[in-house]
Amino acid sequence: MHVTAIIAAGGRGQRFGAAEPKQLIFVGGRAILERSVTAFLTHPAVHAVVVALPQALASDPPSYLRADSSSPPQKPLLIVAGGERRRDSVANAFHAADERTDVVVIHDAARPFASGDLIARTIAAAADTGAALAALPARDTVKRVGDRSSAERRVVETLPRETIFLAQTPQAFRRAVLEDALKLAGDATDEATLAERAGHAVRIVDGEATNIKITTREDLAMAEAIAMRIADGGLRIGLRISDSQSAIDNQSAIDGSAIHNQSAIRTPQSAMSRPARTGRAGTGYDLHRLVDGRPLVLGGVGIPSDRGALGHSDADVVCHAVTDAILGAAALGDIGLHFPDTDPRWKDASSLDLLRRAVARLADEGLAVGNVDVTVILERPKIKDHIAAMRAHLAGAIGIDVARVSIKGKTNEGVDAIGRGEAIAAHAIALVRSL
């Protein structure tokens with residue numbers, strides 16, 4: 001799955017009231033724009049980044065958006081001129097995206113603290129359903145007024161806050177969905193609105209309280225506080241309203257793949273994820289026979305193959321090995337104890353869902369996953385082109401940064417049943433810590 005990120009930075013920040021565009025303002029020693037671009041440029045599920053800037057900036061971009069000959073090429077970064085409206089800027093960036101793009105993820109440059117986990121979950125949801133956005137549930141009572149501009153604003157009705165979500169970015173779309181949305185006439189404050197108008201269902205994924213949008217000068221105080229606490233190691237970005245214990249580290253490590261020769265930027269050391277705190281380790285192993293007529297699912301991703309793994313569930317050896325490792329680290333038994341193949345509830349079940357259930361069980365014990373490492377042993381097909389998507393799916397299910405999920409593919413050099421293409425296996429290790 002080829003993913004292109006669009007950073008919407010074409011606005012002039014008139015509400016901010018500064019002499020220069022607000023995305024160039026420094027927060028915690030780094031420009032807002034640099035923080036936002038780096039979050040996606042260093043994300044392993046993202047293959048290329050397109051930044052839409054005001055015309056003057058696009059002609060003379062900041063140094064951190066230019067190629068640095070002293071650093072090795074990493075992944076493509078393309079700069080385009082924005083338009084009069086947000087949708088025009090996004091459309092310009094979309095038309096410049098690589099033709100191989102399957103999923104487009106769009107992010108406001110003014111949100112500099114989106115976590116790698118949030119990016120991964122939004123991409124995975126869009127890949128599954130076509131469109132997804134990060135959003136926070138309303139916590140306050142919501143009132144609708146008739147005329148906001150009137151000096152005497154009167155309440156028209158009180159809206160049930162259980163149905164109200166406050167939209168954030170990232171917002172992600174399959175290519176065809178975003179193409180439909182951008183064809184519509186009229187304006188909108190985000191791309192999800194256009195997708196809704198085009199008749200597409202949009203899924204909400206849990207947003208993050210730290211994923212603030214810097215709109216006015218008053219927002220800078222909050223942003224500086226977040227940046228300072230991140231720098232001091234006292235705050236792990238990614239704090240969700242729905243699960244305050246899922247807070248995670250800063251941006252994820254680099255995939256290292258380059259798509260084609262466009263400009264690339266150097267990854268600031270401060271953007272790399274800090275090491276996970278660890279306490280207990282567990283290992284997992286799974287093996288299944290390969291048979292005709294079964295889908296091959298690895299890490300929640302369908303892999304094109306003429307043969308698939310035989311099992312009671314979807315026989316995803318990656319998820320099974322990781323689930324076993326997580327349960328083992330917590331001394332909670334194995335996958336067969338919690339999801340036995342004698343129970344009809346788990347017939348053809350998604351192993352990604354079983355993994356989520358195991359993580360929830362871990363949380364009940366006061367534990368959370370630090371990181372996981374998986375080795376898949378399979379003679380064919382090759383899985384390297386699917387590893388980024390697999391990592392994103394696993395990270396979303398576990399609730400950790402993608403940088404804390406590693407997946408490698410190996411063959412068995414023609415030895416035994418795996419080497420003959422009759423079976424597939426996976427080994428995994430998981431490190432867990434106290435919440």
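The NE2 atom of H393 sits 13.0 Å away from atom OG of S351, with the distance rounded to the nearest 0.5 Å. Rounding to the nearest 0.5 Å places CG of L65 at 5.0 Å from CD1 of I79. Here the CG-CZ distance, from L133 to F173, works out to 7.5 Å after rounding to the nearest 0.5 Å. Once rounded to the nearest 0.5 Å, the distance linking CD1 of I387 with NZ of K382 reads 11.0 Å. Between atom CG of residue L298 and atom CD1 of residue I303 there is a gap of 5.0 Å, rounded to the nearest 0.5 Å. Separating the CG atom in L355 from the CD1 atom in I398 is a distance of 5.0 Å, to the nearest 0.5 Å.
Counting heavy atoms from C-beta on, the side chains of L290 and R380 never come closer than 4.5 Å. No side-chain heavy atom of L431 sits under 4.5 Å from any side-chain heavy atom of R433. In this structure the side chain of V27 never reaches within 4.5 angstrom of the side chain of P112, judged on heavy atoms. Residues I106 and T169 form no side-chain contact, since every pair of their non-hydrogen atoms from C-beta on lies 4.5 Å or further apart. Using a 4.5 Å cut-off on side-chain heavy atoms (C-beta onward), I418 and L287 make contact. By the 4.5 Å heavy-atom criterion applied to side chains, V372 and V405 are counted as neighbours. In this structure the side chain of H338 never reaches within 4.5 angstrom of the side chain of R357, judged on heavy atoms. Under the 4.5 Å side-chain criterion, counting only non-hydrogen atoms from C-beta, V369 is not in contact with V322.
Summarising the geometry of A358 relative to T323, their closest heavy-atom pair is CB-CG2, 3.7 Å, with the distance given to 0.1 Å. The minimum heavy-atom distance linking C319 with L352 is given by the pair SG-CD1, 3.6 Å. For A201 against A131, the heavy-atom pair with the smallest separation is O-CB, 3.7 Å. Residues A45 and I123 share a closest heavy-atom pair of CB-CD1, 4.2 Å. Between A97 and V50, the closest heavy-atom pair is CA-CG2, 4.5 Å. Across every non-hydrogen atom of M1 and H47, the tightest pair is O-CE1, 2.9 Å.
Listed by first then second residue, pairs satisfying salt bridge (charged side-chain N to carboxylate O under 4.0 Å, His left out) with a partner in residues 366-378 read D373-K408, not counting sequence neighbours.
Under the 4.0 Å criterion applied to side-chain N and carboxylate O atoms, D108 and R111 are assigned as salt-bridge partners.
At distances below 3.5 Å, at least one donor-acceptor pair connects side-chain atoms of R294 with backbone N or O atoms of A309. Here the side chain of R121 pairs no donor or acceptor atom with the backbone of G396 at under 3.5 angstrom. Proximity of a side-chain donor or acceptor of Q171 to a complementary backbone N or O of A192 within less than 3.5 Å is detected. The backbone N or O of V46 sits less than 3.5 Å from a side-chain atom of K75, completing a donor-acceptor pair. Side chain of S36 to backbone of L33: no donor-acceptor contact under 3.5 angstrom is found. Remark: the backbone N or O of D102 is not paired with any side-chain donor or acceptor of R175 at under 3.5 angstrom. One N or O on the side chain of H95 and one on the backbone of A91 form a donor-acceptor pair closer than 3.5 Å. Here the side chain of D316 pairs a donor or acceptor atom with the backbone of G300 at under 3.5 angstrom. Panel note: side chain S305, backbone G308; no donor-acceptor pair is recorded below 3.5 Å. Side-chain atoms of N412 do not come within 3.5 Å of backbone N or O of E379 as any donor-acceptor pair.
Side chains of T193 and D190: a donor-acceptor N/O pair is present below 3.5 angstrom, by distance only. A donor-acceptor contact closer than 3.5 angstrom is absent between the side chains of D341 and H312. S313 and H320 are linked by a side-chain donor-acceptor pair at a separation below 3.5 angstrom, with hydrogens and angles left out of the test.
E191 pairs with exactly one of R197, R87, R86 by the salt bridge (charged side-chain N to carboxylate O under 4.0 Å, His left out) rule, that one being R86.
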(request) Given side chain to side chain contact (heavy atoms under 4.5 Å, CB included), test L362 with E365 step by step and report yes or no. (result) CA-CA 5 Å; L362 199 71; E365 298 296 317; 5.7 Å; no
(message) Using the rule given for salt bridge (Lys or Arg N to Asp or Glu O under 4.0 Å), can you reason through D88 versus R85, listing the C-alpha separation, both sets of side-chain angles and the distance that settles it, and then say yes or no?
(response) CA-CA 5 Å; D88 299 326; R85 304 171 298 175; 3.0 Å; yes
(request) Report the C-alpha distance between L24 and L57 in whole Å, list the side-chain angles of each, state the deciding distance to 0.1 Å, and finish with yes or no for side chain to side chain contact (heavy atoms under 4.5 Å, CB included). (result) CA-CA 10 Å; L24 301 185; L57 271 182; 3.8 Å; yes
(message) Set out, in order, the CA-CA distance, both residues' side-chain angles and the distance that settles side chain to side chain contact (heavy atoms under 4.5 Å, CB included) for N211 and H107, then state yes or no.
(response) CA-CA 11 Å; N211 184 27; H107 188 62; 4.0 Å; yes
(request) Output, in order, the C-alpha distance, side-chain angles, deciding distance and verdict of side chain to side chain contact (heavy atoms under 4.5 Å, CB included) for E179 and F94. (result) CA-CA 8 Å; E179 192 169 25; F94 177 68; 4.0 Å; yes
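For R289, the CZ atom counts as loosely surrounded, since its 6.0 Å shell holds 12 or fewer non-hydrogen atoms of other residues, nucleotides or ligands.
Taking the six-membered ring where the residue is Trp, H427 and Y285 present tilted rings, their angle falling between 30° and 60°.
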